[in-house]
> 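Have a look at this one before I ask anything.
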Amino acid sequence: MLSLSQPIKAQNNDSNNQKKDTIKPSRVPVNPYIRLGIDVSSVMRNILEPEVQQYEVSFDTGIQHNWFATAEAGFMNVNSERETFAYKSNGYFLRLGAEYNLLNKKPDPDKNNLVLIGARYGYSFLQHRSPFFFVENEYWGNYTGSMNSSFFNLHWMELTGGVKTEVLPNLFLGWTIRVRVRIFSSRDPELQPYFIPGFGHGDRSNPATVLYSIMYRFKL
Amino acid sequence: MHSPQFGLIMSFATKSMIKKTRYIAILVFAWGVLFSCTNQDVCEDAASIPVRVGFYQTDPESEEPLSYAIDSVSVSGINNDSLIYDNALNVGRVEMPLDPSRDSCGFVIVFPPVENLDLPLRDTLWFFYERKPNLISTECGFVNFYEIDELKYTTHRIDTMEIENTSVTNGLDEHIKAFPYIFIPGDVEP
């Protein structure tokens with residue numbers, strides 16, 4: 001009796017093991033990682049427009065199949081002085097969002113090319129002042145003034161689309177097109193901000209920009 | 001869920017696009033880095049941010065404003081002898097610079113005489129505004145934008161004025177519509 005039960009029990013154990021061995025596609029990436037990047041286009045703009053210095057880093061990680069959580073942060077400094085004006089500004093920004101990969105329905109750690117669409121919430125804070133400025137006016141006469149330090153903050157939403165490509169093991173290059181829409185600003189500023197950290201030039205309502213990034217993936 | 005057709009298109013497009021992924025990506029990246037730059041603003045007219053007043057008459061049927069050109073007009077600032085417009089002909093709109101050193105300024109508009117009518121020739125406009133310094137660019141420097149709070153005017157030759165846009169910036173918008181009295185031969189004085 002025992003001998004007859006053993007094969008059945010063994011067979012049952014085998015079937016149970018087969019059930020346990022049948023693993024459903026994981027909803028969490030098999031190899032968790034964090035990808036750290038820097039915005040190279042900011043570096044180039046800093047060279048071309050040296051009076052405006054902005055630096056930005058990014059973080060992203062997979063949170064689910066084809067979904068990524070992203071965070072970007074940085075700071076900005078403007079120091080411009082000419083014969084007719086001086087303008088100083090500094091601030092920081094933060095963007096949080098998510099992206100969806102349009103490629104690869106199944107997670108495959110060997111396929112690391114991403115075509116992404118996403119959205120972000122952005123927040124920026126800055127402090128700026130103008131020790132002196134000169135306004136030319138041929139009819140009424142020129143005017144010289146100054147503006148004390150004041151604060152400004154802005155909330156906005158971004159829609160993004162772009163590509164990330166693994167060019168070397170764990171080294172990625174990528175670009176994103178971003179359309180930004182202002183949601184809310186602190187108050188109507190007395191001194192218009194020249195450059196809003198993380199957003200762009202202050203005179204643009206809904207700027208569209210292209211960002212280029214280099215990233216490295218750290219496997220956890 | 002994407003349709004199969006969309007999936008095929010995206011798959012084909014992305015596969016063909018990234019077929020030589022590393023080489024193309026590096027080229028695109030290098031190009032982007034080299035040409036990632038901000039546009040340079042033009043400084044034309046940066047020193048003058050005028051308020052624009054257009055002249056209109058009301059269409060009696062549709063009651064919509066229609067552009068109206070005044071035969072000749074002269075405009076000058078109050079306490080400023082210089083003429084902004086000196087008997088300019090066929091004028092449909094005037095542009096007047098606001099005073100950047102004060103929060104208000106005034107202008108005198110001189111209209112042409114009307115035959116057989118002894119009418120005043122001029123009206124006075126007073127603008128009250130907030131000044132908003134704005135750094136256009138590091139090359140062009142600062143200009144003042146303005147936010148119009150109030151407009152006062154006499155009604156000798158102007159019937160009504162309507163503020164359409166309170167923000168006076170370096171755009172090309174018209175800010176105010178002016179409706180002068182329209183006189184035809186045979187009219188009596190108002």
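Every heavy atom of this structure was used, including side-chain atoms; hydrogens, water molecules and symmetry mates were not. Each chain gets a letter, A, B and so on, in the order its sequence line appears, and its residues count up from 1.
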> Would you mind checking which part of A/Phe134 comes under 4.5 Å of any heavy atom in chain B, side chain (CB onward), backbone (N, CA, C, O), both or neither?
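The backbone, not the side chain.
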> Is any side-chain heavy atom of A/Thr176 closer than 4.5 Å to one of A/Leu116?
no
> Residue by residue, scan residues 67-76 of chain B and write down, ordered by number, those that have a heavy-atom distance under 4.5 Å to chain A; if none do, write 'none'.
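Answer by number: B/Ser76.
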> Under 4.0 Å between a side-chain nitrogen and a carboxylate oxygen: does that hold for A/Arg178 and A/Glu72?
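A salt bridge links A/Arg178 with A/Glu72.
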> Decide whether a cation-pi geometry holds between A/Arg95 and A/Phe199; the criteria are a distance under 6.0 Å from NZ or CZ to the six-membered ring centre and an angle within 45° of the ring axis.
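Not flagged: A/Arg95 not positioned over aromatic ring of A/Phe199.
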> When only pairs under 4.5 Å are counted, which of B/Gly77, B/Cys105, B/Gly141, B/Pro100 shares the most heavy-atom pairs with chain A?
B/Pro100
> What part of A/Ser130 gets within 4.5 angstrom of chain B, counting heavy atoms only: side chain, backbone, both, or neither?
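The answer is the side chain of A/Ser130.
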> Are A/Tyr123 and A/Leu154 packed together at the side-chain level, in the sense that at least one heavy-atom pair is separated by less than 4.5 angstrom?
no
> Would you please say whether a donor-acceptor pair under 3.5 Å links the side chains of B/Glu147 and B/Ser167?
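There is such a pair (donor and acceptor under 3.5 Å, judged by atom type) between the side chains of B/Glu147 and B/Ser167.
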> When you measure from the centre of the six-membered ring of B/Tyr56, is the NZ or CZ of B/Lys177 closer than 6.0 Å and no more than 45° off the axis?
yes
> Would a line drawn from the ring center of A/Tyr100 to the ring center of A/Trp67 be shorter than 6.0 Å?
yes
> Quick check on the 6.0 Å ring-centre criterion: do A/Phe133 and A/Phe85 meet it?
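No, too far apart.
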> Quick one: are the ring centres of A/His128 and A/Phe152 less than 6.0 Å apart?
no
> Residue by residue, which of residues 81-94 of chain B have a heavy atom closer than 4.5 Å to a heavy atom belonging to chain A?
B/Ser82, B/Ile84
> Between A/Phe125 and A/Tyr92, does the ring centre distance come in under 6.0 Å?
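Judged by ring-centre distance (under 6.0 Å), A/Phe125 and A/Tyr92 do meet the cut-off.
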> With the threshold set at 4.0 Å, does a side-chain nitrogen-carboxylate oxygen contact exist between B/Arg52 and B/Asp173?
no
